[in-house]
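Reviewing the structure listed below.
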Protein chains: 2
Amino acid sequence: MLINPQGKLQSVDQKVTIPLTSNNMRVACSQCNLRELCLAVGLDDDDLHKLDDMVTKRKLKRGQQLYRAGDSFEALYAIRTGFFKTDILTEEGLEQVTGFQMAGEIIGMDGISNDHHVCNATALEDSEVCIMPYDQLEELSRGIKSLQQQFHKFMSREIVRDQSLMILLGSMRAEERIAAFLLNLSQRMRVRGYSASEFHLRMTREEIGSYLGLKLETVSRAFSKFHDEGLIGVQQKYIRILNADGLKALLNHTPS
Amino acid sequence: MLINPQGKLQSVDQKVTIPLTSNNMRVACSQCNLRELCLAVGLDDDDLHKLDDMVTKRKLKRGQQLYRAGDSFEALYAIRTGFFKTDILTEEGLEQVTGFQMAGEIIGMDGISNDHHVCNATALEDSEVCIMPYDQLEELSRGIKSLQQQFHKFMSREIVRDQSLMILLGSMRAEERIAAFLLNLSQRMRVRGYSASEFHLRMTREEIGSYLGLKLETVSRAFSKFHDEGLIGVQQKYIRILNADGLKALLNHTPS
DNA sequence: CAAAAACGTTGATGTTGATCAATCCGCAAG
DNA sequence: CTTGCGGATTGATCAACATCAACGTTTTTG
């Protein structure tokens, strides 16, 4: 499903609210209200406690980097709260955004192949992550079948997500890309119990453009056009989806 | 490394030739001359024999499909000989190629996330694959640490490969894309012990274009231009790399 | 072998989105 | 309140690539 790279997350229908109470470094996966979105899906209490022992957490301020390209790979990170971008510096020194990630998503899997990260991960707002040391995660998933399966599904989901983006970049036109982007964000907000119809963008027009293979002016123009057509409301970073079906209709519109 | 999505495969320096002798359905990973490229990297003899028991093989004629989008996911496949493409049919019914795969590479990992394949895999020449039933692979990799690690590296490598392609599609111009494509093919041929400087393309101009987000005419024009500039030799699908450095120089050429 | 189909090349023209540039808005700091 | 600055908007122009079209070449098929 093209505009829907979150795979099985879609089927999680229950509302999930995102408060945050504990302040200690240890995190209880068994208590976490994101556990139905996260690696812990389907684990029994006993196994959840084993996860608890492995996981610590870390807070990041807006703009702080969780890891950088070239850093040695130590752990995967589950986002508890906040919003991240991942990006790569190309040979010519241009930044290209490879993804935006929100609560319940796992980042860092690019580092497994080389023992070094290939991209940067930056918090776009104050955020908190669960640190899962990779050697421990490997060991644990050798012992817990459902953890192993869940982990593999997350990796595969990332592959499918990337391929959706390849299709977007390879075959869609500017306005289609931006409609797909907005619908995808909206969908992911819904799954997390937030409003699907209004939200704040955490990234700049330039970062959106980088992600979608467009220039910031093109992004801005598309927003304005959608606004004029009554499809969305735009006030800087505050977006309202006024006509989701209208946006979807833009996607099926075959160009030739 | 942008033009180099095969990750650690790069470091395998020894020559690997690709004969094929046995004809029975059972395959001996322990005897396979691709085992240093494949999942079996780093396994000891004992563990290799466990792999042997799991794997069967299948031959495909040119044009045959190994699996289709929507098929239920049963197994991963290691390519023993031949050449494949994977593609997705977009909503509008357009085909988009998501990758070309050759000997030693693993395909099918997109299916793990949903228990169904999201893309088609088609043999572009007569080919042979090793079938690795996924439930058995999971079980085996819970018992064999180095198999588990190798499997995870393959999945991660696929993620990194896809991200390289995202960058190509998001930030490179037509001729850069095509130069990167040729250099990548050349590199992968070298790793497998084939000539890196001359080879047959197994895919059409249209398939190349689909993969690179370009139209077939644009691909054809770029080939002609590179030919005129003495960078490559082109005779239909037979390509010679005459000036690899010249091609590489095209990549660093910042547009603005 | 002949005919058809698939694939590839090349040219002329058109459209999309990039580029260049001016202006505006919102927010933070003094 | 004013100033400065990063971000956003909007307009004018341009370049890259798509599209349309004609023709050539190779492969497949009966």
Side-chain angles (χ1 to χ4, degrees), chain A residues 61-63 85 92 94-97 122 124-125 168-182 200-229 232-239 250 253-256, chain B residues 61-63 85 92 94-97 122 124-126 168-179 181-182 200-229 232-239 250 253-256:
Chain A
K61 289 275 175 206
R62 185 158 83 93
K85 73 169 175 184
E92 303 96 51
L94 308 169
E95 166 197 58
Q96 165 124 6
V97 175
T122 308
L124 293 183
E125 63 180 3
L168 179 144
L169 292 168
S171 71
M172 291 174 111
R173 305 216 261 77
E175 287 175 15
E176 297 178 272
R177 295 183 199 194
I178 290 163
F181 170 76
L182 290 172
H200 273 278
L201 298 176
R202 305 285 134 132
M203 70 298 279
T204 67
R205 303 286 193 265
E206 187 168 23
E207 288 165 333
I208 297 172
S210 170
Y211 179 60
L212 298 177
L214 302 168
K215 293 293 157 182
L216 68 96
E217 295 95 331
T218 306
V219 175
S220 181
R221 276 184 242 271
F223 279 178
S224 299
K225 178 144 182 269
F226 291 171
H227 179 93
D228 293 347
E229 289 167 343
I232 63 174
V234 185
Q235 278 170 291
Q236 301 290 124
K237 297 198 162 157
Y238 174 67
I239 300 283
L250 289 177
H253 205 255
T254 141
S256 57
Chain B
K61 289 278 176 204
R62 185 158 83 94
K85 73 170 175 183
E92 302 95 52
L94 306 169
E95 166 198 57
Q96 165 124 5
V97 174
T122 309
L124 294 182
E125 63 180 2
D126 293 358
L168 179 144
L169 292 169
S171 72
M172 292 173 107
R173 305 215 264 79
E175 287 175 15
E176 298 178 272
R177 295 182 199 193
I178 291 162
F181 170 76
L182 289 173
H200 272 278
L201 299 176
R202 305 294 159 166
M203 71 296 281
T204 66
R205 304 286 193 265
E206 186 168 24
E207 287 164 333
I208 296 171
S210 169
Y211 180 60
L212 299 176
L214 302 168
K215 293 293 155 182
L216 67 95
E217 293 96 329
T218 306
V219 175
S220 181
R221 278 185 242 272
F223 279 178
S224 298
K225 178 144 180 270
F226 291 171
H227 179 94
D228 293 347
E229 289 167 343
I232 63 174
V234 185
Q235 278 170 291
Q236 299 290 127
K237 296 196 164 156
Y238 175 66
I239 300 282
L250 289 177
H253 204 257
T254 141
S256 59

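From a predicted model like this one, the values you see are computed outputs, not experimental measurements. Residue numbers begin at 1 in each chain, while the letters A, B, ... track the order of the sequences.
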Review point. So how far is it from B/Leu169 CG to A/Gln96 CD, rounded to the nearest 0.5 Å?
Key: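 Taking CG in B/Leu169 and CD in A/Gln96, the distance rounds to 9.0 Å.
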Check your understanding: If you measure from NE2 on B/His227 to CD1 on B/Ile232, what distance do you get to the nearest 0.5 Å?
Key ->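 These two atoms lie 8.0 Å from each other.
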Check your understanding: Ignoring hydrogens and geometry, is there a side-chain-to-backbone donor-acceptor pair from B/Asp126 to B/Arg62 under 3.5 Å?
Key ->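 It does hold such a pair.
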Point to revise | Polar side-chain atom of A/Ser224 near backbone of A/Ser220 as donor-acceptor pair, under 3.5 Å | key: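 Yes, because the side chain of A/Ser224 sits within donor-acceptor range (under 3.5 Å) of the backbone of A/Ser220.
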Which whole-number value in Å describes the distance from [X] [atom1] to [N] [atom2]?
X: A/Lys215; N: C/dG17; atom1: NZ; atom2: P; answer: 14 Å
X: A/Leu124; N: D/dG7; atom1: CG; atom2: P; answer: 12 Å
X: B/Glu175; N: D/dA15; atom1: CD; atom2: C1'; answer: 13 Å
X: A/His200; N: C/dG26; atom1: NE2; atom2: P; answer: 13 Å
X: B/Glu176; N: D/dA16; atom1: CD; atom2: P; answer: 11 Å
X: A/His227; N: D/dA8; atom1: NE2; atom2: C1'; answer: 14 Å
X: A/Arg173; N: D/dC17; atom1: CZ; atom2: C1'; answer: 13 Å
X: B/Arg177; N: D/dA16; atom1: CZ; atom2: P; answer: 14 Å

Check your understanding: At what angle, to 10 degrees, do the two end axes of the helix from C/dC1-D/dG30 to C/dG30-D/dC1 meet, given five pairs define each axis?
Key ->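 Rounded value for the end-axis angle: 50°.
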Exercise for review: For A/Gly209, report the nucleic acid contact type (base, sugar-phosphate, nothing); a contact means any heavy atom under 4.0 Å.
Suggested key: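 Contact class for A/Gly209: none.
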**Study point:** Working for side-chain contact (heavy atoms from CB on, under 4.5 Å), residues A/Phe226 and A/Ile178
**Key:** CA-CA 10 Å; A/Phe226 291 171; A/Ile178 290 163; 3.9 Å; yes
Exercise for review: Name all residues meeting the side-chain hydrogen bond (donor to acceptor under 3.5 Å, both in side chains) criterion together with B/Arg202; count only those two or more places apart in sequence or in a different chain, and write none if there are none.
Suggested key: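 With neighbours one apart ignored, the set is B/Glu125.
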Check your understanding: Can you list the residues that meet the side-chain hydrogen bond (donor to acceptor under 3.5 Å, both in side chains) rule with B/Glu175, with sequence neighbours excluded?
Key ->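 If we apply the side-chain hydrogen bond (donor to acceptor under 3.5 Å, both in side chains) test to B/Glu175, skipping adjacent residues, the hits are B/Lys225.
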For nucleotides 4-11 of chain C, which of its nitrogen or oxygen atoms have a protein nitrogen or oxygen under 3.5 Å away, and what is each distance?
from, atom 1, to, atom 2, distance (Å)
C/dG8, OP2, B/Arg205, N, 2.9
C/dT9, OP1, B/Arg205, NH2, 3.2
C/dT9, OP2, B/Arg205, NE, 2.8
C/dT9, OP2, B/Arg205, NH2, 3.4
C/dT9, OP2, B/Ser220, OG, 2.8
C/dT9, O5', B/Ser220, OG, 3.2
C/dT10, OP2, B/Ser224, OG, 2.5
C/dG11, N7, B/Arg221, NH1, 2.8
C/dG11, O6, B/Arg221, NH2, 3.1

What N/O pairs connect the protein and nucleotides 27-30 of chain D at under 3.5 Å? Give each pair on its own line.
from, atom 1, to, atom 2, distance (Å)
D/dT28, OP1, B/Arg62, NH2, 2.8

Check your understanding: Can you check side-chain contact (heavy atoms from CB on, under 4.5 Å) on B/Phe223 and B/Leu201, steps first, answer last?
Key -> CA-CA 12 Å; B/Phe223 279 178; B/Leu201 299 176; 3.9 Å; yes
Exercise for review: Could you list the residues that satisfy side chain to side chain contact (heavy atoms under 4.5 Å, CB included) with A/Lys85, not counting sequence neighbours?
Suggested key: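 Listed in chain order: A/Asp87, A/Glu95, A/Val97, A/Phe100, A/Thr122, A/Leu124, A/Glu207.
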**Study point:** Results of salt bridge (charged side-chain N to carboxylate O under 4.0 Å, His left out) for B/Arg205 - residues two or more places apart only
**Key:**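 Listed in chain order: nothing, the list is empty.
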Check your understanding: So A/Thr204 and A/Leu216, side-chain contact (heavy atoms from CB on, under 4.5 Å) or not? Walk me through it.
Key -> CA-CA 9 Å; A/Thr204 67; A/Leu216 68 96; over 6 Å; no
